[in-house]
Amino acid sequence: MANNDKGRVFGHIPGTTVGQIFADRVELAKAGIHKPTQAGISGSAKEGSDSIVLSGGYEDDEDFGNVIIYTGAGGKEHNAKVQTFDQQLSTTNLALARSHLEGYPVRVSRSLKHKDPKSTEKGYEYAGLYKVDDYWQEKGRSGFYVWRYRLIACDEQPTQEAPDEPSNGHTEARRVQTTVQRIVRDTKIAKRVKQLHNYQCQVCGIALETSAGLYAEAAHIKPLGQPHNGPDVESNILCLCPNHHVLFDNGGFTISDDLKLIGIEGELKTVTRHTVDLAFIQYHHEHYHMKR
DNA sequence: GGGCCCGCAGGG
DNA sequence: CCCTGCGGGCCC
């Protein structure tokens with residue numbers, strides 16, 4: 001699946017399977033599932049988080065199997081058990097927030113002891129991919145603020161507590177199967193275009209500032225997929241805010257050969273390192289703007 | 001079982 | 001480069 005410049009891999013690791021058991025954190029790291037040998041969250045503020053581990057080290061965790069309420073890192077003295085100060089939305093906590101914003105799937109592994117407190121076995125089980133459905137801060141049991149993340153399983157996988165929902169046949173299974181692809185909003189190429197524009201909309205110049213960082217959307221000019229079959233290349237992508245993305249995809253405006261906007265005021269904002277292909281612009285103009 | 005300290009590998 | 005972190009082993 002998608003990976004980025006530094007080689008951080010999002011999604012399943014080839015050669016590993018959901019349910020696979022690893023002897024310890026070093027084995028998890030060697031397999032490429034979770035690289036840090038101690039930290040519970042793998043990731044960086046800019047790239048997002050690709051993996052977490054549940055070890056039972058944080059009292060505010062809640063594990064329902066397919067749904068996990070995970071606690072951010074920090075707020076403790078070195079290797080302490082209890083929170084003694086507020087957690088910050090930085091480093092790995094910010095990475096998980098970024099994964100929510102970008103829709104990245106996060107690998108989840110559980111210590112066997114965490115999966116079943118009665119278990120005397122050691123080791124970690126790879127539980128598959130989850131999406132970061134939401135994140136927020138609240139006071140934990142200690143009385144200090146913690147960051148919390150609701151993770152929802154992408155893969156069909158056995159639950160620990162909740163019984164399976166009544167089956168309604170193959171439609172549900174198909175939905176689950178397609179979830180992983182659907183939640184990832186960006187290809188590597190799309191992300192690069194957004195970075196070139198500093199996440200500023202090429203129409204209005206606004207970059208949305210969220211607590212997880214800047215947000216913009218990559219809009220394909222000649223759409224991907226049948227029957228258009230536009231390519232996923234930089235010259236076929238615009239960096240837009242969500243409002244102008246919707247307008248562009250639905251005929252609210254289009255672009256002329258000299259990059260003037262048609263349908264709304266202004267002209268397309270450009271940067272030197274990113275040029276659009278006029279052929280794609282003409283395709284959009286021809287097929288998506290009301291003729292009169 | 002709890003405390004302590006030794007770790008490594010990643011991230012800032 | 002220094003610092004941190006949902007380990008882990010060892011000692012009592």
Side-chain angles (χ1 to χ4, degrees), chain A residues 3-10 13 20-65 67-102 104 106-130 132 135 137-142 144-151 153 160 195 211-214:
Chain A
N3 53 1
N4 76 2
D5 315 319
K6 286 186 186 172
R8 184 181 304 285
V9 178
F10 289 88
I13 304 298
Q20 192 173 346
I21 307 289
F22 298 86
D24 52 34
R25 288 287 301 266
V26 173
E27 292 301 309
L28 258 187
K30 278 187 197 163
I33 290 181
H34 191 87
K35 299 271 188 72
T37 52
Q38 181 165 350
I41 304 168
S42 167
S44 67
K46 284 192 173 177
E47 297 173 291
S49 168
D50 59 317
S51 173
I52 63 163
V53 173
L54 288 104
S55 295
Y58 281 71
E59 60 190 3
D60 295 309
D61 282 355
E62 296 176 69
D63 189 356
F64 304 106
V67 177
I68 298 166
I69 310 298
Y70 191 72
T71 312
K76 302 174 173 184
E77 298 299 337
H78 189 57
N79 288 347
K81 286 187 176 176
V82 290
Q83 306 279 145
T84 49
F85 50 96
D86 293 340
Q87 291 186 348
Q88 302 299 314
L89 190 64
S90 60
T91 60
T92 55
N93 292 350
L94 191 51
L96 271 177
R98 191 79 210 169
S99 285
H100 168 256
L101 191 62
E102 301 280 10
Y104 296 151
V106 176
R107 288 183 297 278
V108 171
S109 304
R110 289 185 180 87
S111 77
L112 296 182
K113 221 168 40 180
H114 187 273
K115 193 183 176 190
D116 176 10
K118 289 168 293 193
S119 172
T120 55
E121 288 178 274
K122 292 192 170 182
Y124 293 82
E125 180 186 51
Y126 175 48
L129 301 178
Y130 286 64
V132 185
Y135 73 96
Q137 62 183 333
E138 65 185 43
K139 281 190 180 175
R141 295 186 189 185
S142 65
F144 293 95
Y145 278 101
V146 295
W147 284 93
R148 310 193 80 192
Y149 305 84
R150 185 195 301 117
L151 298 158
Q160 290 175 242
Q195 286 170 340
S211 62
L214 298 178

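No hydrogens, no waters, no symmetry mates; every other heavy atom, side chains included, goes into these values. Below, read A as the first sequence line, B as the second, and so on, with proteins coming before strands; counting in each chain starts at 1.
Across all strands shown, the partner of B/dC6 is C/dG7, judged by Watson-Crick or G-U wobble contacts whose two distances both fall under 3.5 Å.
Cation-pi geometry between A/Lys76 and A/Tyr58 is met: the NZ or CZ atom falls under 6.0 Å from the ring centre, inside 45° of the normal.
Considering only side-chain atoms of A/Asp24, the nucleotide from C/dG5, C/dG7, C/dG8 that sits closest is C/dG8. Distance from the side chain of A/Lys122 is smallest to C/dG9 among B/dC8, B/dG11, C/dG9. With B/dG12, C/dC6, C/dG5 as the candidates, the nucleotide lying closest to the side chain of A/Tyr58 is C/dC6. Of all nucleotides listed (C/dG8, B/dG10, B/dG12), B/dG10 comes nearest to the side chain of A/Lys35.
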Side chain to side chain donor-acceptor pair (under 3.5 Å) between A/Ser211 and A/Tyr135, intermediate numbers included: CA-CA 11 Å; A/Ser211 62; A/Tyr135 73 96; 2.7 Å; yes

side-chain contact (heavy atoms from CB on, under 4.5 Å) between A/Gln87 and A/Phe144, intermediate numbers included: CA-CA 8 Å; A/Gln87 291 186 348; A/Phe144 293 95; over 6 Å; no

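Under the 4.0 Å criterion applied to side-chain N and carboxylate O atoms, A/Glu59 and A/Arg141 are not assigned as salt-bridge partners.
Counting any heavy atom pair closer than 4.0 Å across all strands shown, A/Thr37 reaches a base atom. At the heavy-atom level, A/Ala29 lies nowhere under 4.0 Å from the strands shown. As judged by a 4.0 angstrom heavy-atom cut-off over every strand, A/Thr71 is placed among the base-contacting residues.
What separates NZ of A/Lys30 from C1' of B/dG10 is a distance of 18 Å, to the nearest Å. Atom P of nucleotide B/dG12 and atom CZ of A/Arg98 are separated by 13 Å, given to the nearest angstrom. The nearest whole Å value for the distance from the CD atom in A/Glu47 to the P atom in B/dG12 is 8 Å. Rounded to whole Å, the distance from NZ on A/Lys113 to C1' on C/dG8 is 10 Å. Atoms CZ (A/Arg25) and C1' (B/dG10) sit 12 Å apart, rounded to a whole Å. Distance, A/Asn93 CG to C/dC6 P: 9 Å, rounded to whole Å. Computed from coordinates, the A/Lys81 NZ to C/dG7 P distance equals 12 Å when rounded to whole Å. A straight line from NE2 of A/His34 to C1' of C/dC6 spans 8 Å, rounded to a whole angstrom.
Each of A/Gln137, A/Glu138, A/Gln88 was scored for a side-chain contact (heavy atoms from CB on, under 4.5 Å) with A/Trp147, with one residue passing: A/Gln137.
The side chain of A/Ser44 places no N or O atom within less than 4.0 Å of a non-bridging phosphate oxygen (OP1 or OP2) of B/dG10. The shortest distance between the side-chain N/O atoms of A/Arg8 and the OP1/OP2 oxygens of B/dG11 is below 4.0 Å.
Nearest-nucleotide assignment on DNA chain C puts the 5′-proximal partner with A/Gly74, out of A/Tyr124 and A/Gly74.
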